[in-house]
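Input: a single structure, listed below in structure tokens.
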Amino acid sequence: MEFSIKSGSPEKQRSACVVAGVFEARKLTLPAELLDKAANGYIGDIVRRGDMEGKSGSTLLLHNVPGILADRVLLVGLGKEKDFREKEFREAIRTAVKTLNETGAFEAAIFLTELAVKKRGIAWRIRQTVIAALDATYRFEQFKSKKNDIRRPLRKLTLGVERRNELTIAEEALAQGLAIGEGVALAKDLGNLPPNICNPAWLADRARTLAGELNLSCEILERAEMEKLGMNALLSVAKGARQPPRLIVLGWRGGSASEKPLVLIGKGITFDSGGISLKPAADMDEMKYDMCGAASVLGAIAAAARMKLPLNLKVIIPAAENMPGGNASRPGDIVSSMSGQTIEIINTDAEGRLILCDALTYAEHILPDTVIDVATLTGACVIALGHVASGLYANKESLARDLLEAGDAAHDRAWHLPLWDDYQEQLKSNFADMSNTGGRPAGSVTAACFLARFAGKFDWAHLDIAGTAWKSGADKGATGRPVPLLAHYLLQRAGKLN
Ligand code: BES
Ligand code: MN
Ligand code: ZN
């Protein structure tokens with residue numbers, strides 16, 4: 001979809017459709033009022049007759065409104081004015097875009113972007129509008145022989161701003177929204193791909209292509225190189241699979257040469273069968289999404305590169321398939337990680353932490369400023385937080401705070417969970433330095449505690465996205481989370497978050 005910014009009156013827009021909001025109790029917003037004036041009370045009459053009461057989620061499409069240059073007027077209900085906040089703003093945009101996509105209008109000028117939202121300015125409104133519009137119109141149809149054909153899909157969206165002096169900041173926010181929206185779409189595409197296509201080698205090739213497109217450095221390690229580095233925890237996960245593992249390393253250099261990089265690590269299990277500790281059959285197909293952490297860090301670095309952020313960023317993706325087989329790791333096996341710490345594999349289904357711990361040690365070697373790992377790590381996190389918030393852990397309070405704030409601004413929220421030493425006891429092994437499982441209690445916390453043992457030498461945060469990376473049921477599909485959170489965090493660090 002194409003986007004542009006315009007300051008001007010709604011009644012003067014030559015467009016296939018102009019969009020304005022109506023609050024409950026039939027209260028016209030300012031743009032709707034301007035349209036009504038130009039139309040000699042035509043819109044006010046319709047609203048008074050009760051055809052548009054302003055209930056949130058409702059819409060009314062009008063054709064050939066007198067005095068208006070656009071072919072159509074779309075009124076969007078906004079709910080009660082006093083309750084109109086961030087969530088309601090986003091919902092209004094989604095409703096408008098979805099409705100436009102299904103009408104004959106392939107372009108529109110939308111004036112909902114002028115509505116005041118408490119604590120948020122024009123940049124936030126524009127960025128959110130673009131991200132929400134791209135999110136609402138996303139489709140994954142490459143494997144459908146018959147595409148779900150929308151007659152005239154929405155192709156161009158003009159976003160209204162009230163004052164000319166808002167144009168510069170709105171243009172910048174538009175570019176940011178596009179970069180983030182494209183990052184989200186990339187993460188969704190990668191997540192939705194079937195595991196027979198998106199395997200570790202394929203993911204590495206895709207990363208290499210992306211690097212070429214966006215001017216990123218790219219290094220891909222194969223099994224032999226990982227063996228040399230002593231990444232035995234990572235390799236132990238890949239042993240049962242026919243598909244060989246990869247370690248993908250991408251870099252964006254927007255900062256000075258002396259600046260330490262921020263490192264994003266993404267769990268890249270392209271299919272998690274559980275290994276010898278085999279998962280039950282129900283919903284096992286969804287374990288193709290076990291590489292959504294990897295997908296999200298690729299989405300984030302793509303967004304950062306498209307926004308040309310003035311910071312140094314590295315992405316590390318340990319990629320492997322977790323399969324049973326004659327050569328697979330057994331429960332009871334002991335492996336020596338790259339850090340030298342030994343791990344007793346009690347359950348081969350706790351494989352995420354095994355590949356991440358070696359990626360963390362690899363990150364330590366490139367002297368990072370901060371490391372954030374993203375992983376569909378535990379079913380326990382889904383039990384704790386459901387599908388609303390990602391689990392957040394950090395060994396530094398201010399990092400946790402910054403990430404929480406980024407999540408709030410992006411409406412891609414996380415919730416801070418404890419990393420207290422008290423939980424470390426659960427990882428005790430009689431035979432190695434630690435066990436790879438901590439038992440049933442606090443499963444998401446003990447997984448994070450396991451990772452913390454490999455992140456002692458730098459500022460580190462961990463996002464458990466098991467509940468937020470994809471949706472099940474009728475709307476099954478990747479969400480692209482937490483690309484918006486990560487991108488907002490990067491924007492804020494680069495001093496570009498208005
Ligand atoms: N990828 C799964 C976590 C998962 C499960 C995410 C279900 C989303 C939905 C992970 O590798 C896993 O299997 N974790 C185990 C850990 C346990 C064996 C300690 C889990 O959560 O059951
Ligand atoms: Mn698993
Ligand atoms: Zn897994």
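Both backbone and side-chain heavy atoms feed into the values below; hydrogens, waters and symmetry mates do not. Read the numbers this way: they start at 1 and go in the same order the structure lists the ligands and their atoms.
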Q | Cationic N near anionic O, under 4.0 Å, Asp285 to Lys476 | A | yes
Q. Looking at Thr129, Ile110, Leu134, which one forms a side-chain contact (heavy atoms from CB on, under 4.5 Å) with Phe3?
A. Leu134
Q.
Looking only at N, O or S atoms in Glu351, which is nearest to the Mn ion (ligand 2)?
A. OE1
Q) Taking distance alone, with no angle check, do Asp290 and ligand 1 share an N/O pair under 3.5 Å? A) yes
Q: Look at Lys267 together with Asp373 and state whether they make a salt bridge at an N to O cut-off of under 4.0 Å.
A: no
Q: State, to the nearest 10 degrees, the angle whose vertex is the Zn ion (ligand 3) and whose arms point to OD2 of Asp272 and NZ of Lys267.
A: 180°
Q. Could Arg493 and Asp369 be called an ion pair, given the rule that one side-chain N must be under 4.0 Å from one carboxylate O?
A. yes
**Q.** Metal proximity, Asp272 vs the Mn ion (ligand 2), N/O/S cut-off 2.8 Å
**A.** yes
Q: Using the six-membered ring wherever Trp is involved, compare the ring planes of Phe140 and Phe143 and label them parallel, tilted or perpendicular (cut-offs 30° and 60°).
A: tilted
**Q.** Atoms in ligand 1 with a heavy atom of Ala466 nearer than 4.0 Å
**A.** 6 (C), 8 (C)
Q: Any atoms of ligand 1 less than 4.0 Å from a non-hydrogen atom of Asn347? List them with their elements.
A: 18 (C)
Q) Just heavy atoms, cut-off under 4.0 Å: does Asp272 contact ligand 1 by side chain, backbone, both, or neither? A) side chain
(Q) When you measure from the heavy atoms of Met287 to every atom of ligand 1, does any distance fall below 4.0 Å? (A) yes
**Q.** Backbone or side-chain N/O/S of Gly352 under 2.8 Å of the Zn ion (ligand 3)
**A.** no
(Q) Does only the side chain of Ile269 get under 4.0 Å from ligand 1, or the backbone, or both, or neither? Count heavy atoms. (A) neither
**Q.** Name, closest N/O/S atom of Asp290 to the Zn ion (ligand 3)
**A.** OD2
Q: Name the orientation class of the two ring planes belonging to Tyr289 and Trp470 (parallel below 30°, tilted from 30 to 60°, perpendicular beyond 60°).
A: parallel
Q.
Below 4.0 Å, non-hydrogen atoms only: which portion of Phe271 touches ligand 1? Side chain, backbone, both or neither.
A. neither
Q) Short list, please: which atoms of ligand 1 are under 4.0 Å from a heavy atom of Lys267? A) 1 (N), 10 (C), 11 (O)
Q | Atoms of ligand 1, numbered as shown, that sit under 4.0 Å from any heavy atom of Thr437 | A | 19 (C)
Q. Based purely on interatomic distance, does Gly379 place a nitrogen or oxygen under 3.5 Å from a nitrogen or oxygen of ligand 1?
A. yes
Q.
Below 4.0 Å, non-hydrogen atoms only: which portion of Arg353 touches ligand 1? Side chain, backbone, both or neither.
A. side chain
Q. What atoms of ligand 1 come closer than 4.0 angstrom to any heavy atom of Glu351?
A. 11 (O)
Q. N/O to N/O below 3.5 Å, does that happen between Lys279 and ligand 1?
A. yes
Q. Which N, O or S atom name in Glu351 marks its closest approach to the Zn ion (ligand 3)?
A. OE2
